[in-house]
Participant: 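Structure provided below as structure tokens; questions to follow.
These numbers were taken from a predicted model, which means no experiment stands behind them. A note on names: the letters A, B, ... follow the listed sequences, proteins ahead of strands, and every chain is numbered from 1.
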Protein chains: 2
Amino acid sequence: MPKRVDHAERRTEIAEALVRAAGRLGLHAVGMRDVAAEAGVSLRLVQYYFESKEKLLLFGLRHLAERFAQRVAARVRAAGADPGARAVIEALLAAALPVDAESRTFHHLYTSYAVLAVTDEALAAQPFIKDPDSAEDTVAGLLRQAAEQGRLRPGVDPRAAAAGLLAMSAGLGTGVLVGQRSAESATGVLAHHLDLIFLPSGADAV
Amino acid sequence: MPKRVDHAERRTEIAEALVRAAGRLGLHAVGMRDVAAEAGVSLRLVQYYFESKEKLLLFGLRHLAERFAQRVAARVRAAGADPGARAVIEALLAAALPVDAESRTFHHLYTSYAVLAVTDEALAAQPFIKDPDSAEDTVAGLLRQAAEQGRLRPGVDPRAAAAGLLAMSAGLGTGVLVGQRSAESATGVLAHHLDLIFLPSGADAV
DNA sequence: ATCTTTGTGATACGACCGTACCATGATGGT
DNA sequence: ACCATCATGGTACGGTCGTATCACAAAGAT
């Protein structure tokens, strides 16, 4: 037998080529041949490791979601040890904004997948729909924790506030993506809304 | 010469056929032949009234934006005469949520166009990018007016709050579109955030 | 009445796309 | 040493897509 290649690793390489090519051309325009060229392999190999384009797309989506989850987790961790709920939430929301090339690509492709999911039921059944829910759980948990410590403005519902913040972050991200808004403006808007949700800590009340 | 058809009217009919077909198949999957079939005309006619697919897409986008602006304006008008800034804003944001077939299609296609605009500079240069800005101006103006009447929570910046609300509405809309969230939940989240921005009016404080 | 322009249809063309098929090194098991 | 099998390349096929071409009917202009 030949080299006995690690299939999982090769599939990951090809999936990352897909992500790069799709980030450049748009997901709608990327073909099997583009992915092959980007990965530096033959068209046949892409077919070999993924039997069909649909399988490739699905795997690419899962890979993208995983990488992004790791990114967010790393950013949250980098926010320091127990830095308070607000800082964690701010880091989490900021990590989702398309401020650099990686998060731009992520936002771009994730939105592309979401649009495709409207008309493609195989995509709609994919768990990437649920990922934002888990993010919402995380944020809601942090808000609840802050509420118990009396750091939240009275009347704020953690669940609704979490959903609103994440939706806002997603919407602002799209605005940044299409060049309608700067990244700084987006983070500013988020910070302003966090000010509405959290009580001013210590002396820096507005 | 033949019938002397009204070109503008015919182009509008074809553009609406495009919108219907794209709403059903997804913008990425709709072709000239689909549009022709949907409009009940021959492929040649679509080419005749729009020289290229790109022109058709651009015109379709403008048509979509116009129809949507009219829809929002009608909803705001239907909110009653001088119903207060909050009611107007709530009507405006609610009109943008994909609650019925028309607004679902709008949200779906508008997001599709936004995704395409990331990689297509002809689309990126299109004024539909600016329309949200004018909506933001409107909301910011209403918030400023409410602030002058002392109806806003102190410390709320009208501009940032308007941007945040519109982004939240867009993000929630996407959530509703992909079936991740119900329309009722989305309006509830919006209402909750309006509660954070506006002071409780009269006796119904929380 | 003829001519010229406008609207409409049918069809052909070239390109590309996803997939399938065929061939063939390479290599580990026996 | 041989062979079954994995990995890989090349290439062809059927379909579809946007666009171009050819044809022609209808009707105002002269």
Side-chain angles (χ1 to χ4, degrees), chain A residues 1-61 109 112-113 116 119-123, chain B residues 1-61 109 112-113 116 119-123:
Chain A
M1 310 174 181
K3 288 191 271 178
R4 287 323 214 99
V5 160
D6 182 345
H7 272 221
E9 188 182 341
R10 189 78 83 137
R11 283 164 64 91
T12 301
E13 282 171 16
I14 295 178
E16 287 186 344
L18 163 68
V19 168
R20 285 195 302 275
R24 187 158 22 88
L25 308 169
L27 190 62
H28 66 286
V30 71
M32 303 285 277
R33 288 165 176 85
D34 300 301
V35 176
E38 178 72 35
V41 300
S42 73
L43 168 61
R44 178 67 181 86
L45 273 216
V46 180
Q47 288 187 249
Y48 182 69
Y49 289 100
F50 301 90
E51 293 130 53
S52 70
K53 187 184 184 182
E54 190 183 13
K55 300 255 179 75
L56 170 61
L57 254 45
L58 256 47
F59 186 88
L61 169 59
L109 297 189
S112 301
Y113 275 114
L116 290 185
T119 48
D120 183 330
E121 60 182 41
L123 272 177
Chain B
M1 311 175 182
K3 288 191 274 178
R4 284 327 212 94
V5 161
D6 182 344
H7 273 221
E9 188 181 342
R10 188 79 82 136
R11 283 165 63 92
T12 300
E13 282 171 16
I14 295 178
E16 287 186 345
L18 162 67
V19 168
R20 285 195 303 273
R24 186 158 21 88
L25 308 170
L27 190 61
H28 66 286
V30 71
M32 304 284 278
R33 289 165 177 85
D34 301 301
V35 175
E38 178 73 35
V41 301
S42 72
L43 168 62
R44 179 68 180 87
L45 274 216
V46 180
Q47 287 187 249
Y48 182 71
Y49 288 100
F50 301 90
E51 294 129 52
S52 71
K53 188 185 184 183
E54 190 183 13
K55 300 255 180 74
L56 171 59
L57 254 45
L58 255 49
F59 186 88
L61 170 59
L109 297 188
S112 300
Y113 275 114
L116 289 184
T119 48
D120 183 330
E121 61 182 39
L123 273 176

Participant: Whether A/His7 contacts D/dA7 is assessed here as follows: a side-chain N or O lying under 4.0 Å from the phosphate OP1 or OP2. Is that the case?
Facilitator: yes

Participant: If you take any heavy atom closer than 4.0 Å to DNA chain D, which residues from residues 39-53 of chain B end up in contact?
Facilitator: B/Leu43, B/Arg44, B/Gln47, B/Ser52, B/Lys53

Participant: What residues, two or more places apart in sequence or in another chain, satisfy side-chain contact (heavy atoms from CB on, under 4.5 Å) together with B/Leu123?
Facilitator: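 Testing B/Leu123 for side-chain contact (heavy atoms from CB on, under 4.5 Å), a comparison that skips the adjacent residues, returns B/Leu58, B/Leu61, B/Tyr113, B/Leu116, B/Ala117, B/Asp120.
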
Participant: Does any pair with a residue in residues 21-46 of chain B pass salt bridge (Lys or Arg N to Asp or Glu O under 4.0 Å), and if so which ones, sequence neighbours excluded?
Facilitator: B/Arg20-B/Glu38, B/Arg24-B/Glu38

Participant: Find the distance between CG (B/Leu56) and OH (B/Tyr49) and round it off to the nearest 0.5 Å.
Facilitator: 14.0 Å

Participant: Atom CZ in B/Arg11, atom CG in B/Asp6: separation rounded to 0.5 Å?
Facilitator: 11.0 Å

Participant: List the residues meeting salt bridge (Lys or Arg N to Asp or Glu O under 4.0 Å) with A/Glu9, not counting sequence neighbours, and say none if there are none.
Facilitator: none

Participant: Near DNA chain C, under 4.0 Å by heavy atom, which residues of residues 14-35 of chain B?
Facilitator: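 Contacting residues: B/Arg33.
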
Participant: Would you please name every residue forming a side chain to side chain donor-acceptor pair (under 3.5 Å) with A/Glu16, sequence neighbours left out?
Facilitator: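 Listed in chain order: A/His63.
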
Participant: Begin with the C-alpha distance, continue with both residues' side-chain angles, and end with the deciding distance and a verdict on side chain to side chain contact (heavy atoms under 4.5 Å, CB included) for A/Leu45 and A/Arg10.
Facilitator: CA-CA 10 Å; A/Leu45 273 216; A/Arg10 189 78 83 137; 4.0 Å; yes

Participant: Do A/Val35 and A/Lys53 pass the side chain to side chain contact (heavy atoms under 4.5 Å, CB included) test, and can you show the C-alpha distance, the side-chain angles, and the key distance before you say yes or no?
Facilitator: CA-CA 10 Å; A/Val35 176; A/Lys53 187 184 184 182; over 6 Å; no

Participant: Give the rounded distance in Å between these two atoms: CZ of A/Arg11 and C1' of D/dC6.
Facilitator: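 Distance, rounded to whole Å: 16 Å.
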
